[in-house]
Novice: 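Below are the structure tokens for one structure; questions will follow.
For this chain, numbers begin at 1 and follow the sequence in order. Note that the coordinates shown come from a computational prediction; the quantities given were computed from them, not determined experimentally. FYI, side chains are in, hydrogens and waters are out, and symmetry mates aren't considered; it's all heavy atoms of this structure.
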Amino acid sequence: MTPEDVASFERTLELGKEVAAGLAEHDVLGRWMAHHVGDLIIRAETTPEADADAIRSETATAVLALWNQRATLPMPNPPLNAFEPVFKALERLSEAQDPWGFYRMFPRGHEPDQDDMVAVPLLRNALVLEDAVRRVVREIVVLAAREAADNEAKWLKLSEHLEEDEQRAARDAVLELARTLAMYTGDAVAEPVVEAGHSKLITTLLNAEAQLAEVRRVLEARRSRTSSDGEPGAPA
């Protein structure tokens, strides 16, 4: 083995140890997998160098087979699993959103236009609120992506020497989408930083609260006018 191969194998062993340690003890298949991989790792580490190639190859193959099936392993929290729901949400939120496109309250092609919003001003308030809520949801999901990266840091580090697979590609896409959305909303952070995400989310929530307060003011003013119009002696 070349020095590079040895280093890669040793990192694969560390990955295998962590996977084996995480397999559910209460699950028969999990116990068998943990015992099988653990036995291979011990043999790979203790076999004399001259005879080690075969067992090292078998061990690396077994560890990589487990890793490639990690989503279905009998583990409470399979490696990189935290990215899956975040990826799906970010994928939708990163798409260009037409007015009224977030909640899709109106059939496509029949959304209120500018004339409608002039005739019924509350529709404009509804559109502004929809945009504010979309921004809040987007910031929360971006923050979730950053926290997922932090929560999966151990697995990201242990598997970084492996060739990219579909889930790792999806993970990279999640982080790239989070960075893209952060740039789009003016949060130009070079790397996922949860603290910066919290600040951005708080600012977005405050903006949404201001929009809600404005809508409440408009509605209260309308109610006040309606009440005044209904009082005895009010102009017809």
Novice: Membership question, hydrophobic clusters at under 4.5 Å side-chain separation (ILVMFWY): are Leu64 and Val19 in the same one?
Specialist: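 Yes, same cluster.
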Novice: Could you pull out all donor-acceptor pairs under 3.5 Å where a side-chain atom in residues 32-43 meets a protein atom, sequence neighbours excluded?
Specialist:
none

Novice: Take atom CG in Asp116; do more than 12 heavy atoms of anything else shown fall under 6.0 Å from it?
Specialist: yes
Novice: Same cluster for Leu205 and Val128 if Ile/Leu/Val/Met/Phe/Trp/Tyr side chains link at under 4.5 Å?
Specialist: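 Leu205 and Val128: separate clusters.
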Novice: Any salt bridge between Arg217 and Glu220, counting N to O under 4.0 Å?
Specialist: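 Answer for the salt bridge query: no.
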Novice: Under 4.5 Å between side-chain heavy atoms, counting indirect links through other Ile/Leu/Val/Met/Phe/Trp/Tyr residues: same cluster for Val215 and Leu123 or not?
Specialist: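 Different clusters: Val215 never reaches Leu123 through Ile, Leu, Val, Met, Phe, Trp or Tyr contacts under 4.5 Å.
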Novice: Is there a donor-acceptor pair closer than 3.5 Å between any side-chain N or O of Glu111 and the backbone N or O of Gly109?
Specialist: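 Here the side-chain-to-backbone pair exists.
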Novice: Do the non-hydrogen side-chain atoms of Leu122 and Asn125 ever get within less than 4.5 Å of each other?
Specialist: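 In short, these two side chains touch, coming nearer than 4.5 Å.
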Novice: With a 4.0 Å cut-off, would you call Glu209 and Arg216 a salt bridge?
Specialist: no
Novice: Give the intermediate values and the outcome of salt bridge (charged side-chain N to carboxylate O under 4.0 Å, His left out) for residues Glu14 and Arg11.
Specialist: CA-CA 5 Å; Glu14 291 303 313; Arg11 297 181 72 177; over 6 Å; no
Novice: Rounded to the nearest 0.5 Å, what's the gap from NE2 on His110 to CE on Met105? Could you check?
Specialist: 15.5 Å
Novice: Can you name the closest pair of heavy atoms from Asp27 and Leu29 and give their distance?
Specialist: OD1-N, 2.9 Å
Novice: Whether the side chain of Glu152 engages the backbone of Leu80 through a donor-acceptor N/O pair (distance < 3.5 Å, no angle test) should be reported.
Specialist: yes
Novice: Start with the C-alpha gap between Leu73 and Leu23, add the side-chain angles, then the distance that decides, and say whether side chain to side chain contact (heavy atoms under 4.5 Å, CB included) holds.
Specialist: CA-CA 7 Å; Leu73 290 177; Leu23 291 168; 4.2 Å; yes
Novice: Nearest 0.5 angstrom please: Thr59 OG1 to Ile55 CD1, how far?
Specialist: 4.0 Å
Novice: Any chance you could measure Asn151, atom CG, to Asn77, atom CG, to the nearest 0.5 Å?
Specialist: 9.5 Å
Novice: For Pro78 versus Ala71, what's the shortest heavy-atom pair and its separation?
Specialist: CG-O, 4.0 Å
Novice: Is it the case that more than 12 heavy atoms not belonging to Gln69 sit under 6.0 Å from its CD atom?
Specialist: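 Counting other residues, nucleotides and ligands, CD of Gln69 stays at 12 neighbours or fewer.
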Novice: On a heavy-atom basis, which atom in Trp155 and which in Met75 lie closest, and how many Å separate them?
Specialist: CZ2-CE, 4.3 Å
Novice: Can any side-chain N or O of Ser57 pair as donor or acceptor with the backbone N or O of Asp53 at less than 3.5 Å?
Specialist: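 Such a contact is absent between Ser57 side chain and Asp53 backbone.
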Novice: Roughly how far, to the nearest 0.5 Å, is the CZ atom of Arg135 from the CG atom of Asn207?
Specialist: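 Answer rounded to 0.5 Å: 8.5 Å.
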Novice: How many angstroms lie between atom OG1 of Thr12 and atom CG of Leu158, to the nearest 0.5 angstrom?
Specialist: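 Answer rounded to 0.5 Å: 10.0 Å.
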Novice: Pro76 and Gly22: which non-hydrogen atoms are nearest, and at how many Å?
Specialist: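 Distance-wise, the nearest heavy atoms are CD-O, 3.9 Å.
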Novice: Can you measure from NE2 (His161) to CZ (Phe9) and round to the nearest 0.5 angstrom?
Specialist: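 Interatomic distance, His161 NE2 to Phe9 CZ, rounded to 0.5 Å: 10.0 Å.
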Novice: Before accepting this row, confirm whether a basic side-chain N of the pair Lys157/Glu18 lies closer than 4.0 Å to the acidic partner's carboxylate O.
Specialist: no
Novice: Would you mind reporting whether Arg124 and Gln114 have side-chain heavy atoms less than 4.5 Å apart?
Specialist: yes
Novice: Please tell me whether Leu66 and Leu156 are part of a single hydrophobic cluster in this structure, the criterion being side-chain heavy atoms less than 4.5 Å apart.
Specialist: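 Same cluster.
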Novice: Identify the heavy atoms of Gln211 and Ala132 that sit nearest to each other, and give their distance.
Specialist: CG-CB, 4.2 Å
